[in-house]
Amino acid sequence: MTTLFNPLLNGFHPDPSVVAVDGVYYLATSTFEYLPGIPIHRSTDFETWELIGHVATRPGQLAVEEVPTAGGAWAPTIRHHDGVFHLVITDAMGRGMLHFTATDAAGPWSDGDLILTADGSESINGIDPDVAWDAEGTAYITFSGLILSGGDIGKHLGIQQVEVDLERHVAREEPRSLWSGVGGQFPEAPHLYEVDGRWYLMIAEGGTERGHGISIARGDSPRGPFETAPQNPLVSARSTIRPIQNTGHGDLVIGPDGDWLCVLLGVRPRSMTRAFSALGRETFVTPVRWQEDGWPAIDPVLLNPRPGTHVEVDFGRDTALDGEWIGVRALPTAHADLTARPGWLTLRGDGSTLDDPRPVFVGRRQEHLTNATTVTLDASAGVGGLAVRYDERFHVEVEAGGGEVVGRAVVGGLVQEWRAPFGGGILDLHVDSRKPVATGGFPATSDVFHLAATIDGERHELGQVDGRFLSSETAESFTGRVIGVYAVTGEVAVQRWVSDGDDG
Ligand code: 6LW
């Protein structure tokens, strides 16, 4: 029996889409303004997942360099047809709706073609595209009609569909409206499946916060008409005490044991009223059972975290960045120089700070609710440090250089700093996120950051920051926490990175 770990993928990995090819599973998730974009995780047993590559590894595949925060790579669908992997996605506020192909899911993927309206004049205006083929090979793009540009920005036209010529990337018709759920806001994330001769249209609705859920309808053709399932929504954690909330936006697949599974997004909120999700939207999995009446039932999503992890990166040993490193609107290799000073990762500041949309920053997702990260850093020739980032308005950091070490919290325009003298040279910087001490019997918040520096062997505690200020609810963010190193001015070099985390 497969053990279903939950989270299936820790750290921000929303909008999961999965495909099975010859007993191997490939799972894609959203990356927004981060690069490389759209990680592909691979598994044969649904327990162990390996990051095998990314779809967007080259400049130009996504217009992420210029997208506003929360724009970029939204909600992929990954499928396999006639020996080719297909991935459709919206580069939101960027290029538009895109189709990528690859013969190997690890890459390289194609440059990405815009999926155009029937008159060929522009990209289809909408999000969350799905691609499906009928028995005759006709391709359908089914999508959520949320208008992201032009005068109607913000308007929602429900779930829509076009037949599409995937060779030319042009719709063969004007968008048609399909079934749009049972009344929740933001009908989105459509996926079409043919099961036992019937077509099922699964969608998310209720918005990606506490109201989120999954609903389903079925019909005789991929074009509809669709009849709603009597038990919709099939899954939602709203107004329950379940530790995984916001469950929705999912995709179905037959698992390794022959039983159906649903991968879906969710959050793990903590605090007295379970209000703050430190890590953002992660990927979860739950069993699906087909009923005698031909409707699927989706089990509630149960928490089952993996054991804690110890990640150690030593730039004397690790002479290339592994795929977990990401950059903000830039590939990590645009900033991280591993050759200038052998054994060190060198970053060159350009005057931008973490308040800027394009900081000189490379990081990794925070994967565990409790986490301690330490870097050994040389700030003799510059100013930089170790940060936890949600976006340019919400970050905490420990920064060294220019005669001092500074702990800093930036929370939606409010700034607090703690300073200590530092004579220069090599030091250790620490950012820990720890379980809060309960007040009055209740957990006080999601977690608490402890910012510290070790100088000449002596640890200096700089300050503590309430973790709720870096939660997806406070930052109103589609992403999650990313822990990374950065440079502001001059050269900052990092020798070692150690991160220990667990979900206890
Ligand atoms: C995505 C939409 C949603 O396109 O949020 O939860 C948007 N779902 O389906 C960004 O992830």
Side-chain angles (χ1 to χ4, degrees), residues 7 9 11-18 27-34 37-39 62 64 67-78 87-98 115 123-131 141-149 153-160 180-181 184-192 201-215 233 235-238 244-251 262-269 277 279-284 301 365 390-391 472-473 475-480:
L9 296 181
F12 96 78
H13 285 105
D15 312 328
S17 176
V18 65
L27 196 154
T29 47
S30 302
T31 37
F32 306 90
E33 64 268 29
Y34 287 93
I38 320 160
L62 299 169
V64 163
V67 295
T69 296
W74 282 23
T77 296
I78 186 167
L87 186 134
V88 288
I89 192 163
T90 306
D91 180 3
M93 279 95 55
R95 291 183 66 196
M97 196 181 286
L98 292 167
I115 304 172
S123 156
I124 290 176
N125 211 333
I127 65 166
D128 300 3
D130 172 83
V131 61
I141 297 285
T142 308
F143 60 99
S144 171
L146 176 65
I147 307 297
L148 282 183
S149 59
I153 192 164
K155 192 171 170 184
H156 206 302
L157 303 175
I159 301 295
Q160 302 195 303
S180 293
Q185 66 169 339
F186 296 121
E188 57 196 10
H191 291 303
L192 270 178
L201 172 62
M202 190 169 90
I203 71 163
E205 58 176 315
T208 195
E209 298 80 21
R210 296 295 186 269
H212 211 199
I214 290 178
S215 297
V235 74
S236 178
R238 64 190 180 215
I244 303 163
Q245 290 286 323
N246 304 16
T247 49
H249 196 133
D251 199 4
C262 178
V263 295
L264 72 178
L265 72 77
V267 295
R268 293 185 283 165
S277 310
L279 305 185
R281 302 175 303 164
E282 304 175 286
T283 290
F284 296 88
V301 187
R365 289 166 180 80
Y390 244 94
D391 60 29
S472 56
E473 290 82 3
E476 202 191 17
S477 174
F478 281 156
T479 61

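Whatever order the structure lists ligands and atoms in, that order sets their numbers, starting from 1.
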Plane angle bin for H191 and H249 - parallel if under 30°, tilted between 30 and 60°, otherwise perpendicular:
perpendicular
Would you say T208 has any N or O atom under 3.5 Å from an N or O of ligand 1, going by distance alone?
yes
From T77 atom OG1 to L192 atom CG, the distance as rounded to the nearest 0.5 Å:
10.0 Å
Decide side chain to side chain donor-acceptor pair (under 3.5 Å) for D130 and T142; before the verdict, give the C-alpha distance in whole Å, the side-chain angles of both, and the deciding distance to 0.1 Å.
CA-CA 5 Å; D130 172 83; T142 308; 4.5 Å; no
In terms of the angle between their ring planes, are W74 and F478 parallel, tilted or perpendicular, with boundaries placed at 30° and 60°?
perpendicular
Just which atoms of ligand 1 are under 4.0 Å from any heavy atom in H212?
6 (O)
What part of T90, side chain from CB on, backbone N/CA/C/O, both or neither, has a heavy atom under 4.0 Å from ligand 1?
neither
Does the side chain of V88 come within less than 4.5 Å of M97's, by heavy atoms?
no
Ligand-side contact atoms (ligand 1) for residue partner R281, heavy atom cut-off under 4.0 Å:
3 (C), 5 (O), 6 (O), 8 (N), 10 (C), 11 (O)
Please walk me through it: do E473 and R210 pass salt bridge (charged side-chain N to carboxylate O under 4.0 Å, His left out)?
CA-CA 10 Å; E473 290 82 3; R210 296 295 186 269; 3.2 Å; yes
Can you list the ligand 1 atoms lying under 4.0 Å from a non-hydrogen atom of L265?
6 (O)
Tell me which part of A75 gets within contact of ligand 1: side chain, backbone, both or neither, using heavy atoms under 4.0 Å.
side chain
If the cut-off is 4.0 Å to any non-hydrogen atom of I127, which atoms of ligand 1 fall inside it?
4 (O)
I need the minimum non-hydrogen distance between S236 and G213, along with the two atoms involved.
CB-CA, 4.0 Å
Numbering as shown, the atoms of ligand 1 that approach F32 to under 4.0 Å (heavy-atom distance)
10 (C), 11 (O)
Can you tell me which residue and heavy atom of the protein come closest to atom 4 (O) of ligand 1, and the distance to 0.1 Å?
D128 OD1, 2.5 Å
Which residue and heavy atom of the protein sit nearest atom 3 (C) of ligand 1, plus the separation:
E188 OE2, 3.4 Å
